[in-house]
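Take a look at the structure below.
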Amino acid sequence: MRKTGTTITRRGFGAILAAGLMATSLAACGNSDTGSDAGDGKDDGQIVLGFSQVGAESGWRTANTNSIKESAEKAGIKLQFDDAQQKQENQIKAIRNFIQQKVDVIAFSPVVESGWDTVLKEAKDAKIPVILTDRAVDSADKSLYKTFIGSDFVKEGRLAGEWLVEQKKSASGPVNIVELQGTTGSAPANDRKKGFAEAIAANPNLKVVASQSGDFTRAGGKQVMEQFLKANPKIDVLFAHNDDMGLGALEAITAAGKVPGKDITIITIDAVKDGMQALADGKFNFIAECSPLLGDQLMDLVKKVKAGEEVPARVETQETTFTQEQAKAALPTRKY
């Protein structure tokens, strides 16, 4: 009896030990699913991408986020997604979390241009390649990131200005322009302002009489446009750095008793559906496109940098411009 009891005790201990080992194994699998060691790729070889998005400030940004999520799933890439809510400190924290998780590649759309060198060096030291999407950084050390994918914002601003120069070439007196800038310090705000200013310099009659940030939001566009209208009795042109601010400005213009698209010529950038509809309706006059559908190109770059392949320092998206008739033709098949 004593021997049998001893045998049972050993078996019981073995069963308990096996159960404990199994529980530990399951717990480890659970941690991998939550991303604590998601980037090592040892379990299934799946590439893990850590992506920090600016936020959800506009229709363009929502379309950009959807494109990235859908393309990652289609490409078989595991996406660790973070919304920075338009705060640089949130984005830096997210990038450091991605480094700690040992993701394979980090991509992000910088809230502003400056202040990234320290965290990008941390990623480089961890041997995690970084891809900039949509917005650039002003770092002098180009080795801190592998490539940039996005638009030429200076060109977009220049296209907007060139169209206006052509439209106002017969103007004999001053043409007063107000400008709704994007987020202060961001690459698109800086570059679109620069490109537009360069283009309108060709006609000395074109004068920017007020320029202020609306933070790329409809609410911001409406609020700042209300201020512009109170401070400037004669406004001939509105140049908005994105459709959403232009759409917000429409409300302020209408409330002031003016007809958008007629009393005030409106030029915007992006070409999202709501903006294109405003253009087709004659409320906007011209839009320079900035495509948010970067997902497929980004996933292609992610695979290449993970494999150690050489990639171009800059990958630009293909874009165009729209007049009212072109917007009407494009709207039925518009994806964003």
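What you see below is based on every heavy atom in this structure, not just the backbone, and it leaves out hydrogens, waters and symmetry mates.
When the shell of 6.0 Å around CD of Q223 is examined, it contains 12 or fewer heavy atoms from other residues, nucleotides or ligands. Within 6.0 Å of NZ in K169 there are 12 or fewer heavy atoms belonging to other residues, nucleotides or ligands. Residue K142 places its NZ atom among more than 12 non-hydrogen atoms of other residues, nucleotides or ligands, all under 6.0 Å distant. The 12-atom threshold is not exceeded at CD of E310, counting heavy atoms of other residues, nucleotides or ligands nearer than 6.0 Å. Surrounding CD of Q318 are at most 12 heavy atoms belonging to other residues, nucleotides or ligands under 6.0 Å away.
In this structure, F239 has its ring center at least 6.0 angstrom away from the ring center of W163.
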- prompt: After noting the C-alpha distance and the side-chain angles of Q324 and N285, does the key distance pass the side chain to side chain donor-acceptor pair (under 3.5 Å) rule?
  reply: CA-CA 7 Å; Q324 182 178 23; N285 302 88; over 6 Å; no
field: Test side chain to side chain donor-acceptor pair (under 3.5 Å) applied to Q181 and S211, step by step
entry: CA-CA 7 Å; Q181 297 180 44; S211 182; 2.5 Å; yes
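The nearest pair of heavy atoms linking V137 to Y145 is CG2-CE2, 3.8 Å. Among all heavy-atom pairs drawn from V111 and S186, the shortest one is O-CB, 3.4 Å.
Side chain to side chain, Q277 and D281 meet the donor-acceptor criterion of an N or O pair below 3.5 Å.
Ring geometry for H241 versus F216: interplanar angle of 30 to 60°, hence tilted.
Proximity of F108 to V130: side-chain heavy atoms (C-beta onward) are separated by under 4.5 Å at one or more points.
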